[in-house]
Amino acid sequence: MFQAISHLQTDIEMIHGDFKGKDIVSFDQFEVADLNTLFTVTRQMKRIAENNEPSRLLEGLLVGLLFFEPSSRTFSSFSAAVKRLGGQTIEMQNPEAFSSVSKGETFEDTIQVMEAYTNAIVLRHRISGAAKQAARAASFVPVINAGDGNNEHPTQTLLDMYTLYERFGRLDNLTGLLAGDALNSRTIHSLLRGLSLYENNTMYVLSPRQLQLSRDDFVSLQDRGIRLIEIHREEDIPQDCDFWYWTRVQKERFASAEEYRQAQSEIVVATPELLNKYASKDMILMDPLPRVASVDPAVDADERAVYLRSQIRNGVYTRMALLALVLGRI
Ligand code: ASP
């Protein structure tokens with residue numbers, strides 16, 4: 001039913017300053033001006049959420065959360081974002097077990113049913129390209145990609161970039177270390193697209209060779225001007241990174257438990273010792289979570305670790321902003 005699509009999306013609609021009614025399937029749709037708009041709105045949203053201000057911005061609107069793959073943060077933060085703004089949700093998790101999908105309903109039919117009931121659909125799916133396919137099937141409401149297979153996770157990148165922007169006051173001239181499963185991590189794929197919109201960013205990508213970026217991704221990202229340096233050993237970690245972005249090995253993308261175990265055994269784990277040895281005192285340590293043998297919990301007390309602090313909270317604020325913009329209420 002699905003065809004995996006190339007990571008470089010070609011026929012998607014750019015935002016070009018107008019979010020209203022647009023599907024958000026790839027970070028390729030964003031330009032710097034769109035991120036400026038989104039971050040300005042995010043600051044307002046943060047105030048609303050932090051002060052528990054009652055908001056009617058999305059009053060009268062329903063958003064469908066259709067999650068074919070497990071999720072903790074993305075699902076609950078979208079749900080929180082809608083409700084913080086006075087909207088309502090229809091929530092379907094695991095539709096393959098709990099909806100007519102289990103009776104054989106096609107993906108397109110499920111999407112069209114959801115669009116008949118709602119004003120926007122937030123979709124997570126295990127198959128790369130599913131968000132784009134849903135966007136084609138839904139003619140009346142926008143579809144937001146909440147993670148499609150190992151392809152992209154654009155709203156994670158909004159919160160990751162907002163977190164970086166809040167900390168450093170800029171998104172250019174950054175040096176980062178992206179570690180873990182670069183091949184399969186959709187959050188790394190979208191983040192690299194986002195950071196390639198800005199000047200003079202250098203990203204070290206630390207992974208075992210079998211988990212390095214696909215050669216297509218490597219070449220197409222480098223062509224955009226971002227400097228990518230692939231490293232495979234802890235000893236090659238530079239000491240001047242502004243941020244580290246740790247990711248888990250994406251178990252669900254492996255053909256066998258043995259292949260997963262093998263890849264996992266070659267991963268560098270972020271421990272207090274690793275930070276002591278290679279991290280600058282002003283850097284931040286991010287992780288899209290869940291962490292599974294990626295970041296040692298002993299690191300949590302370190303103030304530089306933001307994954308359980310600003311990074312997860314920013315997920316609600318940026319998603320509030322995106323929904324308000326896409327639903328044309330701001
Ligand atoms: N939660 C993120 C995602 O859905 C990261 C992960 O699962 O590793 O891609």
Side-chain angles (χ1 to χ4, degrees), residues 12-27 29-30 34-35 37-42 44-46 48-49 53-69 71 73-95 98-101 105-125 130-148 152-159 315-330:
I12 48 157
E13 196 178 4
M14 298 298 288
I15 293 166
H16 272 331
D18 182 13
F19 287 79
K20 191 173 172 190
K22 299 249 166 87
D23 302 308
I24 305 294
V25 299
S26 166
F27 219 84
Q29 294 170 260
F30 286 84
D34 302 320
L35 291 172
T37 302
L38 193 123
F39 292 164
T40 303
V41 177
T42 297
Q44 298 169 32
M45 299 296 134
K46 182 172 177 178
I48 292 175
E53 275 175 34
S55 165
R56 302 173 68 171
L57 213 53
L58 296 188
E59 192 173 52
L61 298 181
L62 265 169
V63 176
L65 307 185
L66 194 49
F67 277 56
F68 287 78
E69 227 188 22
S71 167
R73 279 148 298 277
T74 307
F75 183 83
S76 358
S77 64
F78 263 114
S79 182
V82 175
K83 289 163 186 163
R84 287 254 178 221
L85 293 177
Q88 296 190 65
T89 56
I90 296 181
E91 307 191 346
M92 243 199 243
Q93 293 202 67
N94 195 3
F98 295 115
S99 78
S100 288
V101 174
E105 182 169 74
T106 65
F107 180 66
E108 280 77 5
D109 282 5
T110 307
I111 294 295
Q112 287 179 56
V113 168
M114 201 52 138
E115 86 166 328
Y117 300 152
T118 61
N119 303 97
I121 297 173
V122 177
L123 175 82
R124 166 163 295 190
H125 207 285
K132 204 170 169 186
Q133 189 158 343
R136 281 200 204 104
S139 336
F140 306 111
V141 309
V143 171
I144 298 177
N145 182 2
D148 62 328
E152 281 215 56
H153 197 343
T155 65
Q156 176 72 42
T157 296
L158 292 176
L159 75 97
V316 178
Y317 315 146
T318 47
R319 288 176 175 125
M320 288 165 78
L322 184 67
L323 287 163
L325 285 161
V326 165
L327 289 164
R329 288 287 176 95
I330 216 159

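Checking side-chain atoms of E152 against main-chain N and O of F27 turns up a donor-acceptor pair under 3.5 Å. In this structure, N119 contributes its side chain and V63 its backbone to no donor-acceptor pair below 3.5 Å.
Of all non-hydrogen atoms in F68 and L66, the two that sit nearest each other are CE1-CG, 3.6 Å. Contact detail for T42 and A321: the closest heavy-atom pair is OG1-CB, 3.4 Å. Shown here for I12 and S26, the closest heavy-atom pair between the two residues is CD1-CB, 4.0 Å. In plain terms, the two heavy atoms of D18 and K22 that are nearest each other are O-NZ, 2.8 Å. Across every non-hydrogen atom of I111 and A137, the tightest pair is CG2-CB, 4.0 Å. In plain terms, the two heavy atoms of R124 and H153 that are nearest each other are NH2-NE2, 3.1 Å.
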Let me check something: any side-chain donor-acceptor pairs from residues 322-330 under 3.5 Å, sequence neighbours excluded? List them with distances.
unit_1 : atom_1 : unit_2 : atom_2 : d
R329   : NH1    : L57    : O      : 2.9
R329   : NH1    : E59    : O      : 3.0
R329   : NH2    : E59    : O      : 3.4

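Between H125 and F107, the distance separating the two ring centers is shorter than 6.0 angstrom.
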Problem set entry | Full working for side-chain contact (heavy atoms from CB on, under 4.5 Å) between F67 and M92 | CA-CA 6 Å; F67 277 56; M92 243 199 243; over 6 Å; no
Problem set entry | side-chain contact (heavy atoms from CB on, under 4.5 Å) evaluation trace for I24 with I15 | CA-CA 9 Å; I24 305 294; I15 293 166; 3.9 Å; yes
For this session: Please assess R136 against E108 for the test side-chain contact (heavy atoms from CB on, under 4.5 Å), listing each intermediate value before the final yes or no.
Result: CA-CA 9 Å; R136 281 200 204 104; E108 280 77 5; over 6 Å; no
For this session: Given side-chain contact (heavy atoms from CB on, under 4.5 Å), test T155 with I144 step by step and report yes or no.
Result: CA-CA 8 Å; T155 65; I144 298 177; 3.8 Å; yes
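Within a 6.0 Å sphere centred on CD of Q44, other residues, nucleotides and ligands contribute more than 12 heavy atoms.
Between the OG1 atom of T318 and the CG atom of L35 there is a distance of 11.0 Å, given to the nearest 0.5 Å. Considering CE of M114 and CG of D109, their distance stands at 14.0 Å, rounded to 0.5 Å. In this structure, L62 CG and T118 OG1 are separated by 7.0 Å, a value rounded to the nearest 0.5 Å. To the nearest 0.5 Å, atom CZ of residue F140 and atom CD of residue E115 are 6.0 Å apart.
The closest side-chain heavy-atom distance from F78 to T89 is not below 4.5 Å. Side-chain contact between L65 and S79 is present, with heavy atoms from C-beta onward closer than 4.5 Å. For the pair L58 and L61, the minimum side-chain heavy-atom distance is below 4.5 Å. Counting heavy atoms from C-beta outward, F30 and L158 have side chains that approach closer than 4.5 Å. With a 4.5 Å cut-off on side-chain heavy atoms, M45 and L85 count as touching. Using a 4.5 Å cut-off on side-chain heavy atoms (C-beta onward), T74 and S71 make contact. Taking 4.5 Å as the limit, some side-chain heavy atom of M320 sits within range of a side-chain heavy atom of I48.
R84 and S55 are not linked by any side-chain donor-acceptor pair at a separation below 3.5 angstrom, with hydrogens and angles left out of the test.
E105 is linked by a salt bridge (charged side-chain N to carboxylate O under 4.0 Å, His left out) to nothing, counting only residues two or more places apart in sequence or in another chain. With sequence neighbours left out, S77 forms a side chain to side chain contact (heavy atoms under 4.5 Å, CB included) with V316, R319.
By the 4.0 Å N-to-carboxylate-O rule, K83 lies close enough to E91 to be salt-bridged with it.
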